[in-house]
Structures are given as structure tokens and as C-alpha cells.
Amino acid sequence: MAFSRNHNIIFMLIPFLIILATTSFASAGLLPFSSKHVVIINKLVTRQTLIVHCKNKGEDKGVITLGPGDSFDFRFRVNLRKTTVYTCTFTWPGNVATFDIFRADRDDNPKSKVGVCSKCIWSIYEPAPCRDRRDGGQPNCFPWAS
């Protein structure tokens, strides 16, 4: 009898968790496994081709070539411990720079100074990568890691 009751609870809980995971709670960084969409746009002022190579511990997104104004995007879910990090290497003539294009502690943390993004749009400029703001305000720019 106990197995049957536990079995019923699990089947009742699954739809609730699915609904909860697809609501604003997940996209606001309040739940684990929140869905993320990273978009990288080549906005080099010199209008050079940008070569992008993004990866995390378990996944390599490959080497992508972006012409001026072109974009590249990928989707993933934040891990349970909220330690997900995607690091990208950006190469353009005479330059190589790296940057953590997604960090759960920065991009999926309601207490972060730049806030949570479910669609994280990054404009890549020579001096810095900048995360666009949904409200159209000044983007949040960060120093290159190298």
C-alpha cells in the first residue's frame, strides 16, 4: 500500500515540477536547471572577422567564424549546483582574448549586480564583451580575462 501511495505522489508531483520549471521562477534564476540561451554578436568596430570557440567542462561548441554583424547562439540548462560556466576564446586579426560568456554566479543569480538573463545577448567589441540589457539601457561591459 505504501508503494502505491508513493507512486501516486510522484505522478502528481511531476506535472507540478514541469509547470514550475517553465514559469518565471526558473528563468529568474530561482530554480536549478533553468534554461539559458546565449547569443554572441560580432560588433568589432574594425569590421573584422571574429573566430569564436566556446566550451564548458563537458561540452565543446566548436569553432565558429562570424563576419561583421553575424551572430552565433547556443542553449543549455544550468546544472543543479549552479556552477555552470561557458568560456569562449575570441580571435580577430592581431588579438586573442578569453571571457566567461556565461557564469551561473553572475548570469543566473538574482543577487548579481547585472541580474539574471534567460536570453543572454553578448555584443563583442575590441575593448570588451558587453551583455545587452533587456530594458535597452547601457550594456554591462566586462574586462577580457586575457
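All residue numbers in this chain count up from 1 along the given sequence. Since this is a predicted model, take the numbers as computed values, not measurements.
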**Study point:** same_hphob_cluster(V78, I121) at 4.5 Å side-chain heavy-atom cutoff
**Key:** no

Exercise for review: Just do the side chain to side chain donor-acceptor pair (under 3.5 Å) check on T89 and T98 with the steps written out, would you?
Suggested key: CA-CA 4 Å; T89 302; T98 60; 5.8 Å; no

**Study point:** All side-chain contact (heavy atoms from CB on, under 4.5 Å) counterparts of T49, not counting sequence neighbours
**Key:** T65

Revision key, fill the gap. Joining Ile, Leu, Val, Met, Phe, Trp and Tyr whenever any side-chain heavy atoms lie under 4.5 Å apart, the cluster holding V85 also takes in none

Revision key, fill the gap. So salt bridge (charged side-chain N to carboxylate O under 4.0 Å, His left out) across residues 60-75, not counting sequence neighbours, yields E59-K61

Review point. Do R131 and D107 have side-chain heavy atoms sitting under 4.5 Å apart?
Key: yes

**Study point:** D132/S123 under side chain to side chain donor-acceptor pair (under 3.5 Å): CA gap, chis, key distance, verdict
**Key:** CA-CA 7 Å; D132 294 347; S123 295; 3.3 Å; yes

Check your understanding: What residues form a side-chain contact (heavy atoms from CB on, under 4.5 Å) with N95, not counting sequence neighbours?
Key -> W92

Practice item. Find the distance between CZ (R134) and SG (C120) and round it off to the nearest 0.5 Å. Key: 10.0 Å

**Study point:** Which residues share a ring pair (Phe, Tyr, Trp, His ring centres under 6.0 Å) with Y125, sequence neighbours left out
**Key:** none

Exercise for review: Would you indicate whether the side-chain heavy atoms of H53 and I64 approach each other to under 4.5 Å?
Suggested key: no

Exercise for review: Treating Ile, Leu, Val, Met, Phe, Trp and Tyr as nodes and any side-chain heavy-atom pair under 4.5 angstrom as an edge, say whether L44 and F99 lie in one connected cluster.
Suggested key: yes

Review point. Apart from I51 itself, which Ile, Leu, Val, Met, Phe, Trp or Tyr residues share its cluster (side-chain heavy atoms under 4.5 Å, direct or through members)?
Key: V63

Check your understanding: Can I124 be reached from F74 by stepping across I, L, V, M, F, W or Y side chains whose heavy atoms are under 4.5 Å apart?
Key -> yes

Check your understanding: Does R103 come within less than 4.0 Å of D108, counting only side-chain N to carboxylate O?
Key -> no

Check your understanding: Distance from D105 atom CG to S112 atom OG, nearest 0.5 Å?
Key -> 7.5 Å

Practice item. Identify whether F142 and F102 are in the same connected component of the hydrophobic contact network (ILVMFWY, side-chain heavy atoms under 4.5 Å). Key: yes

Study note, to complete from the structure: dist K36:NZ -> S118:OG (nearest 0.5 Å) comes out at 6.0 Å

Practice item. Is it possible for you to say whether I41 and L50 belong to one hydrophobic cluster, with membership spreading through side-chain heavy-atom contacts below 4.5 Å? Key: no

